[in-house]
Amino acid sequence: MLQNNKTEKDEKIIDFTLANSNNLLLIFTRNPELGKGKRRLAATVGDQAAFDIYKFLLAHTVAITKNLYAEKQVYYSEEIWNNDIWDNSKFDKKTQKGDDLGIRMANAFQEGFRNEYQKIIIIGSDMLDLSQNDLEDAFKALEKNDFVVGPAEDGGYYLLGMKKFMPELFKNKLWGTETILKDTLADLRNETTALLETKNDVDYYEDIKDIEAFAPFLKHMKK
């Protein structure tokens, strides 16, 4: 019984610490709907498989973020869903605002800094190759650097973090192309920037065809 009381006390301390954390994780996500999202993947595997894969990736993102030492905000592409896999007690829910990805990300970062968060990191919701440890390492990198970038194999990035807002990072970019990482690092050439390990995100069939975790969703492709 004493042990149980201690556990409850520890959980309360942890909750209090999280509530006062200066770390903020922004998670950009698309409302999962059949026939929408992951269009480049769906072109090869079909709408249903792409939909199922995206829901699988969403569940993975929930698993690696729900216990992270940070405040967490989920930014929906279309509208807030209160009864979904994102636990309302762990994730603050918002909607993306802006005409393109750059403006939407900039708005989310600016709101975070206005609310006095000191380290802010943004990720998407389709990275099987990402772990809680990776996110913790990214926040730790911001202790000695003003920016942190997680390069993606396709020439983009899967993670961007900062301690100060830099508007140039969100302007004059061809979003969704292989030039994003290069152009972003050019903007950061005079800043202290940490680079994380390069990882693979999921956009095309070729990105997942040899990964065992995706095999159950691709059985129809082997016939």
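None of the values given here were measured: they were computed from a predicted structure. FYI, the numbering just counts along the sequence from 1.
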**OP:** Test side-chain contact (heavy atoms from CB on, under 4.5 Å) on L130 and T61 and set out the steps.
**Re:** CA-CA 8 Å; L130 199 60; T61 307; over 6 Å; no

Original post:
Taking it one step at a time, do D183 and N172 satisfy side-chain contact (heavy atoms from CB on, under 4.5 Å)?
Top reply: CA-CA 9 Å; D183 293 343; N172 304 314; over 6 Å; no

Original post:
Do any N or O atoms from the side chain of D146 and from the backbone of E191 form a donor-acceptor pair under 3.5 angstrom?
Top reply: no

Original post:
Minimum heavy-atom separation for A213 to L128, with atom names?
Top reply: CB-CD2, 3.7 Å

Subject >> Nearest-0.5 Å distance that lies between atom NZ in K90 and atom CG in D92 >> reply: 14.5 Å

Original post:
How are the rings of F217 and F56 set relative to one another: parallel (under 30°), tilted (30 to 60°) or perpendicular (over 60°)?
Top reply: tilted

Subject >> CE on M166 to CG on L188, rounded to 0.5 Å >> reply: 5.5 Å

Subject >> Polar side-chain atom of K66 near backbone of F91 as donor-acceptor pair, under 3.5 Å >> reply: no

**OP:** Check for a donor-acceptor pair, side chain of Q96 on one end and backbone N or O of T29 on the other, with a separation under 3.5 Å.
**Re:** yes

Subject >> Side-chain touch F109/L24, heavy atoms, less than 4.5 angstrom >> reply: no

**OP:** For D134 and S131, test the side chains for any donor-to-acceptor distance below 3.5 angstrom and give the result as yes or no.
**Re:** yes

Original post:
Quick one: does E136's side chain get under 4.5 Å of L68's, heavy atoms only?
Top reply: yes

**OP:** Nearest 0.5 Å please: distance from the CD atom of E168 over to the OG1 atom of T184.
**Re:** 11.5 Å

Original post:
Do I120 and F165 come within less than 4.5 Å of each other through their side chains, counting heavy atoms only?
Top reply: no

Original post:
Does one side chain, of D87 or S89, offer a donor that lies under 3.5 Å from an acceptor on the other?
Top reply: yes

**OP:** Kindly say whether K171 contributes a backbone atom to a donor-acceptor pair with the side chain of K173 at under 3.5 angstrom?
**Re:** yes

**OP:** Compare every heavy atom of I64 with every heavy atom of L135, then report the nearest pair and how far apart it is.
**Re:** CD1-O, 3.9 Å

**OP:** Over all heavy atoms of both residues, which pair between Q132 and N67 is shortest? Give the atoms and the distance, please.
**Re:** NE2-O, 3.6 Å

Subject >> Heavy-atom side-chain proximity of K72 to V74 below 4.5 angstrom >> reply: no

**OP:** Indicate whether any N or O donor in one side chain lies under 3.5 Å from an N or O acceptor in the other, for Q48 and D52.
**Re:** yes

Original post:
Is there side-chain contact between K38 and D203, with at least one heavy-atom pair below 4.5 Å?
Top reply: yes

Subject >> Distance-only side-chain donor-acceptor flag, D84 / Y76, under 3.5 Å >> reply: yes

Original post:
Under a 4.0 Å N-O cut-off, is there an ion pair linking R40 with D207?
Top reply: no

Original post:
Could you go step by step and tell me if Y54 and L41 meet the side-chain contact (heavy atoms from CB on, under 4.5 Å) rule?
Top reply: CA-CA 10 Å; Y54 186 54; L41 179 62; over 6 Å; no

**OP:** Let me see the working for V202 and I211 under side-chain contact (heavy atoms from CB on, under 4.5 Å), right down to the final yes or no.
**Re:** CA-CA 11 Å; V202 177; I211 299 175; over 6 Å; no

Original post:
In Å, rounded to the nearest 0.5 Å, how long is the span from CG of N22 to CG of L142?
Top reply: 12.5 Å

Original post:
Are I103 and Y75 in one and the same hydrophobic cluster, where Ile, Leu, Val, Met, Phe, Trp and Tyr link if side-chain heavy atoms are under 4.5 Å apart?
Top reply: no

Original post:
Say you draw a straight line from CD1 of I180 to CG of L174; how long is it, rounded to the nearest 0.5 Å?
Top reply: 6.5 Å

Subject >> hydrophobic_cluster_shared for V45 and L34, side chain cutoff 4.5 Å >> reply: no

Original post:
How far apart are the closest heavy atoms of K164 and M162, and which atoms are they?
Top reply: O-SD, 3.3 Å

Original post:
How about E116: does its CD atom have over 12 heavy atoms from other parts shown lying under 6.0 Å from it?
Top reply: no

Original post:
Side-chain contact, heavy-atom cut-off 4.5 Å: Y204 with D154?
Top reply: no

Original post:
Shared ILVMFWY cluster between V62 and M127, side chains joined below 4.5 angstrom?
Top reply: yes

Subject >> Contact summary for P151 and L195, nearest pair of heavy atoms >> reply: CG-CD2, 4.0 Å

Original post:
Quick one: are L101 and F28 in side-chain contact, heavy atoms under 4.5 Å?
Top reply: yes

**OP:** Report whether I122 and L181 are members of the same hydrophobic cluster (ILVMFWY, side-chain heavy atoms less than 4.5 Å apart, transitive linking).
**Re:** yes

Subject >> Approximate separation, where rounding is to 0.5 Å, of I123 CD1 and I27 CD1 >> reply: 5.0 Å

Original post:
Hey, does W175 have a side-chain heavy atom less than 4.5 Å from the side chain of M105?
Top reply: yes

Subject >> Salt-bridge present (E78, K36; N to O < 4.0 Å) >> reply: no

Original post:
Salt bridge between R104 and D99, side-chain N to carboxylate O under 4.0 Å?
Top reply: no

Original post:
Do K93 side-chain atoms and W86 backbone N/O form a donor-acceptor pair below 3.5 Å?
Top reply: yes

Subject >> Sidechain-backbone polar pair: D129 side chain, K199 backbone, donor-acceptor under 3.5 Å >> reply: no

Subject >> ring-ring contact (aromatic ring centres under 6.0 Å, His included) contacts in which one or both residues fall within residues 126-162, not counting sequence neighbours >> reply: none

Original post:
Which heavy atom in K163 sits nearest to a heavy atom in N145, and how many Å separate them?
Top reply: CE-O, 3.0 Å

**OP:** Output, in order, the C-alpha distance, side-chain angles, deciding distance and verdict of salt bridge (Lys or Arg N to Asp or Glu O under 4.0 Å) for K182 and D187.
**Re:** CA-CA 9 Å; K182 176 173 64 72; D187 291 334; over 6 Å; no

